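Some notes on the structure that comes next.
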2 protein chains.
Amino acid sequence: MPKDRAPTRIQKKNRAAILEAALNVFSAHGFRGATVDQIATEAGLSKPNLLYYFPSKEAIHTALLSGLLETWLAPLHDLDADGDPMEEILAYIRRKLEMSRDLPRESRLFANELVQGAPRIHASLSNDLKTLVDEKTAILTQWMDEGKIARLHPHHLIFSIWALTQHYADFDVQVRAILGDEDPFEGAEPFIDTLYRKLLTP
Amino acid sequence: MPKDRAPTRIQKKNRAAILEAALNVFSAHGFRGATVDQIATEAGLSKPNLLYYFPSKEAIHTALLSGLLETWLAPLHDLDADGDPMEEILAYIRRKLEMSRDLPRESRLFANELVQGAPRIHASLSNDLKTLVDEKTAILTQWMDEGKIARLHPHHLIFSIWALTQHYADFDVQVRAILGDEDPFEGAEPFIDTLYRKLLTP
DNA sequence: CGTGAGTTTGACCAGATGGTCAAATCAAGA
DNA sequence: TCTTGATTTGACCATCTGGTCAAACTCACG
């Protein structure tokens, strides 16, 4: 295992390569379905070499998830109580949809984990995620109280945004099987935009 | 392997027990994460005994999926061109949401498969599912042409229904982590109902 | 009962997989 | 250049896992 000092040039490069490869493999096959060998090969390393940088398969997975959770939640974090309600929410939705398009691996990484009961990130959900969501639903509720947007169950409003946007990344195969050549996001963006404009208009 | 004749009492019982156990295990751990031993134990059989009824792990999975696909698509099948548009669609949505509540294992079984690229049911998606969806989107389009419901991209309308309803089964842990003790479906039903009434009203 | 088909299982196997380790190789500063 | 710590690897191991098989057992029915 590399020492605890400042990481060398090689350490930086290899750690990054490993996490990149792990993202590919874990998101495509789930934790159990991924093999250390596969990740190592994709990162251009031998298996023992990979295990020189991370002590175990589990450690790679954990590092990936915790490293990406912040990225994943950033758009919600940005929801600003002082902004225009409708524009803030629509901007959030747009960013989430962009993330489904541009970061589908990240989306599927979390989807894999969640579908199987989140055995490895359960704590983060009940703490970090819940805290953030509660904070933001408070803003939504305030906007509803002020009559700026329609009154709805704020938690389910958030869930609906996650569901609608992440669907395109997580169930990409299904979407493409049905749409054929049509670009999913071409139609999804105006559809979802219209949906929330209608829904949120008081 | 049991002969091809009419199944005996024992065969019926054991095949059913195996499929029930497999549904539990595959939906909770995915194909790769499930072990034959685990399924056998949960079905109350020894591993070789289980393999007397199904030739392989893959065969159990295939039998499960193809057996459940019909159940899964039944609600969409029922969408009736001659019914009242708004009521037909809302009834479909309600049935889908009930299925998420009552058949979460089935939902997660498909979710696991889809998230990982549907390696084992890709053909069904491009054939059976696409055919059914195209048939039903034709009805939706007609309703839109007649001004009975708002004009929207019909495929994305279907996707949105799947996303919103199945989210509660597939990402159950996340939903419950955020809602705490609150029953997810209690709030989901009126939320989704409101959403589609607003969205579909011309 | 007896018998043949249907059912069950202990023992076993081959390949995959996560992980270890000592030895070899490499890189960078003194 | 030399040395020392960082990096890399081939060989190896224990365990897990899907699957096989022959032998034993059970059941239904004549």
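Since we're looking at a predicted model, the values are computed, not measured. Here is how names work: the chains are called A, B, and so on, in the same order as the sequence lines, proteins then strands, and each is numbered from 1. What you see below is based on every heavy atom in this structure, not just the backbone, and it leaves out hydrogens, waters and symmetry mates.
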Can you tell me the distance, in whole Å, between the [atom1] atom of [X] and the [atom2] atom of [N]?
{"X": "B/Lys47", "N": "D/dC21", "atom1": "NZ", "atom2": "C1'", "value": "13 Å"}
{"X": "A/Leu51", "N": "D/dG10", "atom1": "CG", "atom2": "P", "value": "15 Å"}
{"X": "A/His61", "N": "C/dT17", "atom1": "NE2", "atom2": "C1'", "value": "17 Å"}
{"X": "B/Gln38", "N": "D/dG19", "atom1": "CD", "atom2": "C1'", "value": "17 Å"}
{"X": "A/Phe54", "N": "C/dT20", "atom1": "CZ", "atom2": "P", "value": "15 Å"}
{"X": "A/Glu58", "N": "C/dT17", "atom1": "CD", "atom2": "P", "value": "18 Å"}
{"X": "B/Ile39", "N": "D/dG18", "atom1": "CD1", "atom2": "C1'", "value": "11 Å"}
{"X": "B/Asp37", "N": "D/dT15", "atom1": "CG", "atom2": "P", "value": "16 Å"}

Think [X] has a side-chain N or O under 4.0 angstrom from the OP1 or OP2 of [N]?
{"X": "A/Arg32", "N": "D/dT17", "result": "yes"}
{"X": "B/Arg9", "N": "C/dG6", "result": "no"}
{"X": "B/Tyr52", "N": "C/dT8", "result": "no"}
{"X": "B/Gln11", "N": "C/dT7", "result": "yes"}
{"X": "A/Ser46", "N": "D/dT9", "result": "yes"}

Pair [X] + [Y]: basic N to acidic O under 4.0 Å:
{"X": "A/Arg105", "Y": "A/Glu20", "value": "yes"}
{"X": "A/Asp193", "Y": "A/Arg94", "value": "yes"}
{"X": "B/Arg151", "Y": "B/Asp145", "value": "yes"}
{"X": "A/Arg176", "Y": "A/Asp181", "value": "no"}

| said: Please compare B/Val36 and A/Gly44 by the position of their nearest nucleotide in DNA chain D and report the one closer to 5'. | reply: A/Gly44
| Between D/dT20, D/dT7, C/dT20, which one does the side chain of B/Pro48 approach most closely? |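 Among D/dT20, D/dT7, C/dT20, the one nearest the side chain of B/Pro48 is D/dT20.
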| Picking from D/dT17, D/dT20, D/dT8, which would you name as closest to the side chain of A/Asn14? |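 Taking heavy atoms from C-beta onward, the closest nucleotide is D/dT8.
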| Looking across every strand, which nucleic acid part, if any, lies under 4.0 Å from B/Ala34 by heavy atom: base, sugar-phosphate, or nothing? | sugar-phosphate
| Distance only, no hydrogens: is a donor on one side chain within 3.5 Å (strictly under) of an acceptor on the other, for B/Glu146 and B/Gln142? |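 There is such a pair between these side chains.
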| query | Looking only at N and O atoms, is any donor in the side chain of B/Lys57 or the base of D/dG19 less than 3.5 Å from an acceptor on the other one? | reply |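 By the distance-only test, no, there is no pair.
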| remark: Sorted by position of nearest nucleotide on DNA chain C, 5' first, the leading residue of A/Thr35 and B/Asn49 is B/Asn49
